[in-house]
Protein chains: 2
Amino acid sequence: MGTSTGQPTIVSIAERAGVSIASVSRVLNGVGARRDTVLKVERAAAELGYVPNAVARSLKGGRTRQLTFAMPDIGNPVYVAMVRAIQTVAKAAGYRLLLHSTDAVVDDELAVLRSLGDRTSDGLILCPIRITDAHIEALRTAAGPVVVIGSLPDGVPVDSVRADSVAGAALAVRHLHDTGRRRIAFVNGPADTVPGRNRDEGYRAALADCGLVYDPDLVVHTDFGIESGAEAADRLLAEGRPDAVFCANDQLALGAARALHARGLRIPEDVAVAGMDDSMLAQAGWPPLTSVDLGSTERGRRAAELLLNRLDPAEPVTETATPRSTTAPPRLVVRASTGRAAPDS
Amino acid sequence: MGTSTGQPTIVSIAERAGVSIASVSRVLNGVGARRDTVLKVERAAAELGYVPNAVARSLKGGRTRQLTFAMPDIGNPVYVAMVRAIQTVAKAAGYRLLLHSTDAVVDDELAVLRSLGDRTSDGLILCPIRITDAHIEALRTAAGPVVVIGSLPDGVPVDSVRADSVAGAALAVRHLHDTGRRRIAFVNGPADTVPGRNRDEGYRAALADCGLVYDPDLVVHTDFGIESGAEAADRLLAEGRPDAVFCANDQLALGAARALHARGLRIPEDVAVAGMDDSMLAQAGWPPLTSVDLGSTERGRRAAELLLNRLDPAEPVTETATPRSTTAPPRLVVRASTGRAAPDS
DNA sequence: TTGAAAGCGCTAACAG
DNA sequence: CTGTTAGCGCTTTCAA
């Protein structure tokens, strides 16, 4: 029965070409071989429709040429931007991208970290929603290179890429002040997350900077999402009489805009609205949303580059290697939602 | 010097536990073993922090427990919805998800199909932008199970999941007619794609159904994207005086809405706007967009299920197996952008 | 119940 | 330049 069923392997090629499997391997990898050997092997491979088995290669070589990206929720435009950037860099370097949605479940994030040990991928980019002691421990003992998108405490030997949401929030608040707003409300995300705390810090700092006082009636913490933004804005409108609403992300801002529209308030004449992330959503609404770009794309790109760099044989991961950390600068993108206030206001 | 460096393997465990690697494997796989053997092995494994090497397992078992999803552009909310659904199903079944952005490049799609032969993943979900003869050929000779999200010609032995954009477009047009519109413009995507043709078909059929005549001045073909939608709407407004604009996806609709706002036209009082896909964008704008849900999530889910079913050892892929095809029913989601026309119009 | 050994498909060291 | 062979880490006969 000659050749057995199934996919062709180097053995089938060797048989067909009448050479050894070693020669097949050499030809296929472009290592030296006699002209007619090359020809025979190439012909046999083509006739058989041979495709090298990547799994066998990985086992032998110890590398899968796969990268893993784990983030809380692929439904969030911010993570989509990251995926896109990472995929682009990975593809260019000949790596495949493995996607993991953790649904913001801590145990899931830890499981992903541990699963680095199964050698399924050569490295991991992790975007945790929160960093617990368990995270730190898992990061210390990770079985392979990891890059974290987010803020890590000092002393954790892991590369990271950060957003500067303190500065970002400040950019937005100052811009609102510059365009004449004095009662700047703030719809923030959960208070117990790193980004939440940072944005709050930026908001307060910028207020002080502009000579405005912090008014608790003008601040709401909620979870992310359009509905939450609408509810939060409703509450603020009733209590605080703001002339601007600054939101911790674009979804919240879109929700706030909806609430304003529903009340017949004009944006930006009556109330200005600004968001954060400058996701694709910022341009979706009406009026287009002023937003602070925290560099999602840039962070994804840099994270992928850092990781690939660690995978580069020239720069092996050593316990003693100093962790590298870069911060993507925020950028204010001004659109119609924060035009000048109406003169009579 | 005793145990060598690197990750622990079954060999290190065997040494430590004082048993053979076969016993280690058995214990780790829950196959019968004496009580104290089990204990010894489990202790050694725990102490060493052993994680099974998935690559070696794959080589032995011939399955990677990975699925590949290839689509044109992860930036498009429709594909994000699919990724999300696929990831959920895959995760539940113990499969990882490999993501491939083809950037709508045909050669890239074909390369992905061919790469099925490298055994990197057990199956492929492909969402092609267009189906060429080369696609058909590659699908016929695919080295593993494939599910196509899109419309395949008869006779191609591949499972597929389709959207019914003909019926979907008709739903929207009839709804616009029902709410009193009579000059219903249509901003469609490229004419040379299957979805483009289908939507056009649905539009024409529904017009006829409603007793309206097809007016070329009310139809524009463009590519997808917010800007394109705005430009198209501008052109239509100048030439056709429509009282409704139906768009082939939500991005176009958002663009159209922007153009209307910019001209001071009210939505829906002066002009109604409807989109397609019912993506997250539909709820982002103001007013919230009426949109036809073509079942992106549903299609992703079904595609993943079909694929997993083919991977199930009980139902092996046979050349003679009849390809299965399901169609996700469209659903009209009515929101404020298509409220009744102003009585005086 | 256990151990020895074969083998998944490939690469690379070593002889010839 | 070419063939033989060992081995990547694991599962799975086959004997003992």
Side-chain angles (χ1 to χ4, degrees), chain A residues 3-42 44-45 48-65 115-120 122 143-144 313, chain B residues 3-42 44-45 48-65 115-120 122 143-144 313:
Chain A
T3 328
S4 73
T5 80
Q7 293 264 116
T9 69
I10 51 169
V11 175
S12 11
I13 299 184
E15 283 171 358
R16 186 171 192 112
V19 299
S20 74
I21 61 166
S23 287
V24 174
S25 176
R26 280 189 213 104
V27 170
L28 262 24
N29 291 297
V31 188
R34 212 193 312 153
R35 182 156 223 68
D36 83 299
T37 309
V38 173
L39 258 36
K40 279 190 292 188
V41 169
E42 282 177 346
L48 258 30
Y50 172 76
V51 180
N53 183 316
V55 176
R57 274 201 172 150
S58 295
L59 181 59
K60 183 98 247 278
R63 322 180 324 145
T64 55
R65 303 204 75 90
S115 81
L116 247 185
D118 74 9
R119 311 275 95 180
T120 278
D122 297 341
Chain B
T3 326
S4 73
T5 81
Q7 292 266 116
T9 69
I10 51 169
V11 175
S12 10
I13 298 184
E15 282 171 359
R16 186 170 192 115
V19 299
S20 72
I21 60 166
S23 288
V24 174
S25 176
R26 281 189 212 104
V27 170
L28 261 26
N29 290 298
V31 187
R34 212 193 313 154
R35 183 156 222 68
D36 83 300
T37 309
V38 173
L39 257 36
K40 280 191 292 188
V41 169
E42 281 177 346
L48 260 29
Y50 172 77
V51 181
N53 182 316
V55 176
R57 274 202 170 148
S58 295
L59 182 57
K60 186 95 246 275
R63 321 179 325 145
T64 55
R65 303 205 73 90
S115 81
L116 248 185
D118 74 9
R119 310 275 94 179
T120 278
D122 297 342

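Heavy atoms only: backbone and side chains are in, while hydrogens, waters and symmetry mates are out. As the structure is a prediction and not an experimental result, all values here were calculated from the model.
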Counting only side-chain nitrogens and oxygens, does [X] get under 4.0 Å of the OP1 or OP2 atom of [N]?
X: Ser20(A); N: dT2(D); answer: no
X: Asn29(B); N: dT11(D); answer: yes
X: Arg34(B); N: dT2(C); answer: yes
X: Arg57(A); N: dT11(C); answer: yes

Between Val19(B) and Lys60(B), who's closer to the 5' end of DNA chain C by nearest nucleotide?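 The 5'-side residue here is Val19(B).
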Could you tell me how far apart [X] ([atom1]) and [N] ([atom2]) are, to the nearest whole angstrom?
X: Leu28(B); N: dC10(D); atom1: CG; atom2: P; result: 8 Å
X: Arg63(B); N: dT11(D); atom1: CZ; atom2: C1'; result: 13 Å
X: Glu15(A); N: dG3(D); atom1: CD; atom2: C1'; result: 15 Å
X: Leu48(A); N: dG9(C); atom1: CG; atom2: P; result: 13 Å
X: Ile10(A); N: dG7(C); atom1: CD1; atom2: P; result: 15 Å

Interatomic distance, Lys60(B) atom NZ to Leu59(A) atom CG [nearest 0.5 angstrom]: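 Lys60(B) atom NZ to Leu59(A) atom CG measures 12.0 Å (nearest 0.5 Å).
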How many angstroms lie between NZ in Lys40(B) and CD1 in Ile13(B), if you round to the nearest 0.5 Å? 13.5 Å
[X] to [Y] - nearest heavy-atom pair and separation:
X: Arg57(B); Y: Asn29(B); value: NH2-OD1, 3.5 Å
X: Val24(A); Y: Ile10(A); value: CG1-CG2, 3.7 Å
X: Ala143(A); Y: Gln7(B); value: CB-OE1, 3.3 Å

Nearest-nucleotide wise, let me know which of Ile21(A) and Arg35(A) is further upstream toward the 5' end of DNA chain D. Arg35(A)
Applying a 4.0 Å non-hydrogen cut-off, can you work out what [X] is touching in the nucleic acid: base, sugar-phosphate, or nothing?
X: Ala22(A); value: base
X: Ser25(B); value: base
X: Thr9(B); value: sugar-phosphate

I'd like to know if the side chain of [X] reaches the main chain of [Y], judged simply by a donor and an acceptor atom lying under 3.5 Å from each other, with no hydrogens or angles considered.
X: Thr64(B); Y: Thr120(B); result: yes
X: Ser25(A); Y: Ile21(A); result: no
X: Asp122(A); Y: Arg65(A); result: yes

Nucleotide nearest Leu59(A) (side chain, heavy atoms from C-beta), chosen from dC8(D), dT2(C), dC10(C):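 Looking only at heavy atoms from C-beta outward on Leu59(A), the closest nucleotide is dC8(D).
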Which pairs pass salt bridge (Lys or Arg N to Asp or Glu O under 4.0 Å) with one or both residues in residues 20-29 of chain B, sequence neighbours excluded? none
Listing time: all N or O pairs from protein to nucleotides 14-16 of chain C that are below 3.5 Å?
none

At what angle, to 10 degrees, do the two end axes of the helix from dT1(C)-dA16(D) to dG16(C)-dC1(D) meet, given five pairs define each axis?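 Overall, the helix from dT1(C)-dA16(D) to dG16(C)-dC1(D) bends by 50° from one end axis to the other.
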Check whether any side-chain heavy atom of Thr9(B) sits under 4.5 Å from a side-chain heavy atom of Asn53(B), and report yes or no.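 No, every pair of side-chain atoms sits at 4.5 Å or beyond.
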